[in-house]
Amino acid sequence: MRRGATTSSSAGTETTIDTAPRIEGDPAPETEDEPILRTRGDPAPATGGESGPETGGEPARASRGESGPASGGESRPETGGEPAPPALPPPVTALLGELWAAGCAAYVVGGSLRDALLGRPAHDWDLATDARPERLLELHPEAMYENRFGTVVVRREGVAYEITTFRSDHDYADHRRPERVEFGRRIEDDLARRDFTVNAMAWGGAPAATPIPTSPAFVDPFGGRTDAYAGILRAVGEPRARFEEDALRMVRAVRLAATLGFTVEPATLAAIAANAELARHLSGERIAAELEKLLAAPRPSVGFRLMADTGLLDVVFPEISAQRGIVQGKIPGDDLLDHTLRSVDAAPRDRPVVRLAALVHDVGKPVTLADGHFRGHEIVGATIAGDLLRRLRMPRATIDRVTLLVRQHMFSYQPEWSDGAVRRFINRIGRHALEELFELREADNVGSGFFGPSPDIVELRGRVAEQLEAKVALDLRDLAVNGDDLIAELGLTPGRTVGALLDDLLEQVIADPESNDRPTLLLLAQAMLEPDR
Ligand code: ATP
Ligand code: MG
């Protein structure tokens, strides 16, 4: 983010601002230390705020979000007249009030307004205003200016609020981002560029528009509220044209249908089927951002099924699409795609990595199928999954975790395993991946028609927990000696011998935890060296 980069402005005319630099296809920076899947923080509480626009009008009597219907398909709560204002968190109410007081039009827009209306937990509140970025920076000198999007980001109580100047988008190139963005003066123009009717509503006011400030109200030119209450996802304007402009909207449609539990309106769905090929132009990053949200839906399969039905899956995730029609005889009538989608739904919703791993855990099966078996599919699958996730520019830490899970998901436990075998298993998987691997296996089992935890896994989990609690050495960091000790005590030079010795010592300690003390290990190391001396 950059601070203070301003755009040229000329009073009364539309102004062209910098558009997003072409990031499609640019290599993403290595992001080893990035949080897994860039999951968001807790949603902002949808508490009611009290203050209305200081310039007049009715106070924004914000009721709690629960007043709206919990999901689509329910009837709208208000019976006539101006509907109840949405539940806004106090910082949002305050920001609106400050903009109104400065004589600017200001509205709450986008997904957070939609969610507040539906009584769902809202997050990432977005505001739209007629104030230009430079004016916003005058009003909020501490704000950050994100020039790529013409957005000013204000932080309140540790939460970021995006304030974006009304804009309209023009000249879409390659079915992706607009080439040219213009600042606008009317909220209606800003809403018209948005994707779906439920995302194209605003609530707020324009105090400067008349001598007498208007009360804050809904602006809903496309019937977003009716669609929201009916649970319908409908493109703003002509759906084919909107998807031709930006193919990501098709992926957003299936993602929003799954997260909101909405149905996609028939003409919008038909336009996705007609335009699915255009998704080929999308960058990995933009698909990944939608995939992350889709995987957090109550049942991601809803979105993947819509993708499969419209042909979007073939274009965006051909590796998953290739699972269609492959029979594996687990649940009668199910093919491999059905199994995968059941597994994804069964993986814990608050475990994005496990859900992602469930999505790709069997991608190696179509290519390894021979004589009704999928030998080695977990090894081939880890490679295919890695390629898929790299294409999406996922953070490296996520790719490593997911490919490890795919590679290891076929482990088979035998009750006769010794404690040493359990410790070797922990060492092979890595202690931080164990819980995710068990969760993946459980999801895989549910996807195969087994319900309830499998007794084997319950037993292995218990035995693993025992070993972890015993605080015995399970990896190199737990050894009572390190490389420096071996070099100092045994007169070795740094290099491969030291590494190999440490590995051998660990193997010894995993078999016999009692041997993990410094003198014993040094003696052992000495003995291991003897034949070479
Ligand atoms: P979520 O609640 O999951 O964040 P959202 O609808 O808020 O869903 P965002 O990606 O946060 O999704 O986008 C915020 C708003 O910006 C949307 O509600 C919509 O009005 C608009 N928008 C986002 N992406 C597009 C797009 N590709 N084309 C048109 N409008 C878009
Ligand atoms: Mg949002």
Side-chain angles (χ1 to χ4, degrees), residues 19-20 23-24 38-41 43-44 46 65 86 92 107-128 146 148-151 153 159-170 172 174-178 181 187-203 219-222 224 227-228 233-239 241-262 268 271-272 275 278-279 281-283 285-298 300 303 352:
T19 55
I23 62 161
E24 317 283 342
R38 300 175 293 267
T39 38
R40 295 176 190 283
V92 173
Y107 297 83
V108 177
V109 288
S112 47
L113 178 62
R114 173 202 70 216
D115 290 342
L117 201 71
L118 291 169
R120 307 169 67 93
H123 55 91
D124 301 330
W125 289 86
D126 296 324
L127 275 65
E146 174 57 87
R148 262 175 53 178
F149 304 104
T151 296
V153 182
V159 179
Y161 298 93
E162 296 196 347
I163 312 179
T164 308
T165 308
F166 298 156
R167 54 176 244 212
S168 51
D169 300 337
H170 300 271
Y172 288 83
D174 294 343
H175 318 290
R176 301 184 295 199
R177 294 187 190 284
V181 175
I187 181 67
E188 287 79 3
D189 298 332
D190 188 84
L191 295 178
R193 75 175 167 90
R194 294 174 183 269
D195 47 8
F196 302 103
T197 59
V198 294
N199 289 347
M201 309 176 265
W203 185 86
V219 182
D220 181 16
F222 306 106
D227 282 345
L233 206 66
R234 185 194 309 271
V236 167
E238 214 283 295
R242 301 311 309 284
F243 296 150
E244 274 165 28
E245 282 174 358
D246 181 359
L248 190 75
R249 291 171 188 154
M250 299 187 285
V251 184
R252 286 176 57 81
V254 302
R255 185 275 280 186
L256 284 161
T259 43
L260 299 172
F262 278 22
T268 303
I272 298 176
N275 278 336
L278 298 181
H281 300 273
L282 296 171
S283 75
E285 290 92 336
R286 292 182 87 204
I287 292 170
E290 295 302 323
L291 175 63
E292 179 186 343
K293 290 182 175 186
L294 175 55
L295 288 173

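Computed over heavy atoms, backbone and side chain alike; hydrogens, waters and symmetry mates excluded. Atoms within a ligand are numbered from 1 in the order they appear, just like the ligands themselves. Nothing fancy with the numbering, it's 1 onward along the sequence. None of these values were measured; they are calculated from a predicted model.
- Heavy atoms of Asp115 found under 4.0 angstrom from ligand 1 belong exclusively to the side chain.
- The main-chain N or O of Gly110 is never found under 3.5 Å from a side-chain atom of Asn199 such that the two would form a donor-acceptor pair.
- Relative to atom 22 (N) of ligand 1, the option among Arg194, Arg252, Arg286, His123 with the closest non-hydrogen atom is Arg252.
- Scanning Asp195, Val251, Asn199 for the heavy atom closest to atom 29 (C) of ligand 1 points to Asp195.
- Note: no N/O pair closer than 3.5 Å links Arg242 and ligand 1 by distance alone.
- At a heavy-atom distance under 4.0 Å, no atom of Leu248 approaches ligand 1.
- Between Leu256 and ligand 1, a contact under 3.5 Å exists for no N or O pair.
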Assess the residue pair Phe196 and Thr268 against the criterion (side-chain contact (heavy atoms from CB on, under 4.5 Å)); give the C-alpha distance rounded to whole Å, side-chain angles, the decisive distance to 0.1 Å, and a yes or no. CA-CA 10 Å; Phe196 302 103; Thr268 303; 4.3 Å; yes

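- Close approach of ligand 1 to Lys293 is summarised as follows: ligand atoms under 4.0 Å from at least one heavy atom of the residue are 1 (P), 3 (O), 4 (O), 10 (O), 11 (O).
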Pair Val92, Tyr161 - check side-chain contact (heavy atoms from CB on, under 4.5 Å), show working. CA-CA 8 Å; Val92 173; Tyr161 298 93; 3.5 Å; yes

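- The distance from atom OG1 of Thr165 to atom CG of Asp190, rounded to the nearest 0.5 Å, is 9.5 Å.
- For atom 8 (O) of ligand 1, the nearest non-hydrogen atom from the set Arg120, Arg114, Arg193, Met201 comes from Arg114.
- Residues meeting the side-chain contact (heavy atoms from CB on, under 4.5 Å) test with Ala258, sequence neighbours left out: Leu294, Ala297, Val302.
- Residue contact check for ligand 1: Arg255 places a non-hydrogen atom closer than 4.0 Å to it.
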Report the C-alpha distance between Phe243 and Leu278 in whole Å, list the side-chain angles of each, state the deciding distance to 0.1 Å, and finish with yes or no for side-chain contact (heavy atoms from CB on, under 4.5 Å). CA-CA 8 Å; Phe243 296 150; Leu278 298 181; 5.6 Å; no

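- Looking at ligand 1, you won't find any N or O of Asp126 less than 3.5 Å from one of its N or O atoms.
- Scanning Asp124, Asp246, Thr164 for the heavy atom closest to atom 27 (N) of ligand 1 points to Asp246.
- Between the side chain of Arg242 and the backbone N or O of Arg194, at least one donor-acceptor pair lies under 3.5 Å.
- Looking at every heavy atom in both residues, Arg120 comes nearest to Leu260 through NH1-O, 3.6 Å.
- For ligand 1, the atoms sitting less than 4.0 Å from at least one non-hydrogen atom of Gly110 are 18 (O), numbered in the order shown with element in parentheses.
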